[in-house]
**Student:** 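A single structure is presented below for examination.
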2 protein chains.
Amino acid sequence: MEQTERSNSIEKALRILLCFQAERPSWGVRELGGHLGFSPATVQRVLQTLKTHGFVAQDPVTRRYQLGVVFYAFVHALKGTYPITRTGRPFLQQLMADTGETVHLNIIEGQDRVCIDTVESPQALKASMPIGSRSPLYAGGSSKCLLAFWDPELRERYLQNLSAMKPFTDRTVTDPEVLRRELEEIRRRGYAASLGERNRGLGSLSAPVFDHHGQLLATVSLAIPEIRYQDAIHRNFCVRKLLYAARALSRVMGYESEEATGRK
Amino acid sequence: MEQTERSNSIEKALRILLCFQAERPSWGVRELGGHLGFSPATVQRVLQTLKTHGFVAQDPVTRRYQLGVVFYAFVHALKGTYPITRTGRPFLQQLMADTGETVHLNIIEGQDRVCIDTVESPQALKASMPIGSRSPLYAGGSSKCLLAFWDPELRERYLQNLSAMKPFTDRTVTDPEVLRRELEEIRRRGYAASLGERNRGLGSLSAPVFDHHGQLLATVSLAIPEIRYQDAIHRNFCVRKLLYAARALSRVMGYESEEATGRK
DNA sequence: AAACAATGTATCATATTATGGAACAGACAG
DNA sequence: CTGTCTGTTCCATAATATGATACATTGTTT
């Protein structure tokens, strides 16, 4: 390992916290130390501190550590920080009720799309889009829709620094030029449609939500199993309902929907 | 200020993070420093570190800080850490559908009850019980129900160290002896019922959920506006549905519901 | 039973790291 | 232009984090 990276203790603590994800919710001291390259003593001390503040909890019998309940407080706090989740909820619910498909709300974070709310379809065959799940901005309908309606300057910077476009399926766009054309098409139509770009067998319809400055806030998306996505009647119906929901939400968020070239 | 408290830098970072709650989702550097008694330079450095890891985000125009989106990843992770939220969801939904009242799921954390999931009533007049909300273990039906069915040793320790019982309303129990008697009554009946102990005008019905060791996992609770709570027919109906849901969830969590004195 | 191999945890001298006052750089108001 | 707020950077000093080592438990293997 190179020594280029100097890490202060806070960074260590954060990296430790970030290890506690759904796929691996529980860690032992030495296990974590080995995983991150920290000494067990360090991990132990950090975990102790995290524990006294409720950021992790220790199983009294196995002595292993897991995420603490303060995070539930942050779940609550996020609703104050990103008010669109609260405002958007009824619109997502209505859209799910209308279409019977899983609905989700997404924002841009760094180089990724992040799902910040979801209303799952009650159908037996349905898409799942858990809160917190991510995808790079070039893969999938919701991602491309965010990218398409993003601030032009930020989008341009993103597209130019875009190096390797790792494909997730055989349908993932991997050519920046193709991506550029598709983004234009999405802006022209007002919504994004894609099939199996991020997850095989999963289609996506996605429309933007704007604030009172006409700036992109989020996208509302439908995640639709391929078998239903390919039914043109159902898909068109979904598009209509989706656009209706996204525009209604934009209006509530303060967007004055002008005709045609309303945005600059 | 006394110098009794020594704080390492991680502790500072955690205390800073904990300031970002729903009531005050956005902070400036000096504002935070003043609030916590840290120097602006320290706060600044800590926030910088938190920012590079996505724990906070900085508004590019106001330069103020708010909670970052990594917390959405933790929302997801919590479902792996506390599987009962995932398992319990359909039961909560069914119970809400049956009763029309807001349903919530609670666990013990330290000295508090914490709400870890909620399904809100669609009625115009309804109780709200946001995820992450807390209450001391002596106040309210859900709290007392947790306390009543807790590990006897831990309960005894809690009751003995119980110093000031701050009342939330004029109905909050403030006498440890009264509390003791009520807990016994709750164990005898198998559920807790209370009115206006934590929030004026709000009633609560609450039943325990056990795991395969017969240990308390959580409580399922109904939060019912007083006007409907006082309708004995509705209340009894709710109790029946509540007990049914809590027992069904216990069974799924591995609890072998033995008759009568099944627990030690 | 006994030896073993894991685990989480405590200690301590060393050196790296955090600290806060002061100075800097913008934004905004008067 | 001036005054007063911001967030941010610098730097010598002092306090804190560090990992090797040892210890205490646990569960497993022999």
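Every chain is numbered from 1 and lettered A, B, ... according to where its sequence line falls, protein lines coming before strand lines.
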**Student:** Base, sugar-phosphate, or nothing for A:Arg63, non-hydrogen atoms under 4.0 angstrom?
**Tutor:** sugar-phosphate
**Student:** Round to a whole Å and report the spacing from CG of B:Leu47 to C1' of C:dA18.
**Tutor:** 15 Å
**Student:** Does A:Tyr138 have its ring centroid less than 6.0 Å away from the ring centroid of A:Tyr158?
**Tutor:** no
**Student:** Of B:Phe71, B:Phe74, B:Tyr82, which meets ring-ring contact (aromatic ring centres under 6.0 Å, His included) against A:Tyr72?
**Tutor:** B:Tyr82
**Student:** Between A:Tyr65 and C:dT7, is there a contact of a side-chain N or O with OP1 or OP2 at under 4.0 Å?
**Tutor:** no
**Student:** Rounded to whole Å, how long is the line connecting atom CG of B:Leu36 with atom C1' of C:dT19?
**Tutor:** 16 Å
**Student:** Quick one: label B:Arg64 by what it contacts on the DNA or RNA (base, sugar-phosphate, nothing), any heavy atom closer than 4.0 Å.
**Tutor:** nothing
**Student:** Give the rounded distance in Å between these two atoms: CD of A:Glu31 and C1' of C:dA6.
**Tutor:** 13 Å
**Student:** Using only side-chain N and O atoms of A:Arg45, determine if any of them is under 4.0 Å from OP1 or OP2 of D:dT18.
**Tutor:** yes
**Student:** Taking OP1 and OP2 of C:dG20, is either one under 4.0 Å from a side-chain nitrogen or oxygen of B:Thr42?
**Tutor:** yes
**Student:** D:dG19 P sits how many Å from A:Phe38 CZ, rounded?
**Tutor:** 9 Å
**Student:** Please confirm whether the shortest side-chain N or O distance from A:Gln44 to OP1 or OP2 of C:dG8 is below 4.0 Å.
**Tutor:** no
**Student:** Test the A:Lys12-A:Phe38 pair against the cation-pi criterion, namely NZ or CZ under 6.0 angstrom from the six-membered ring centroid and within 45° of the ring axis.
**Tutor:** yes
**Student:** Once you round it to whole Å, what is the distance between P of C:dA6 and CG of A:Leu32?
**Tutor:** 19 Å
**Student:** What nucleic acid atoms does B:Gln58 come within less than 4.0 Å of, heavy atoms only: base, sugar-phosphate, or nothing?
**Tutor:** sugar-phosphate
**Student:** Can you identify which nucleotide, out of D:dT8, D:dT9, C:dA18, has its nearest atom closest to the B:Ser9 side chain?
**Tutor:** C:dA18
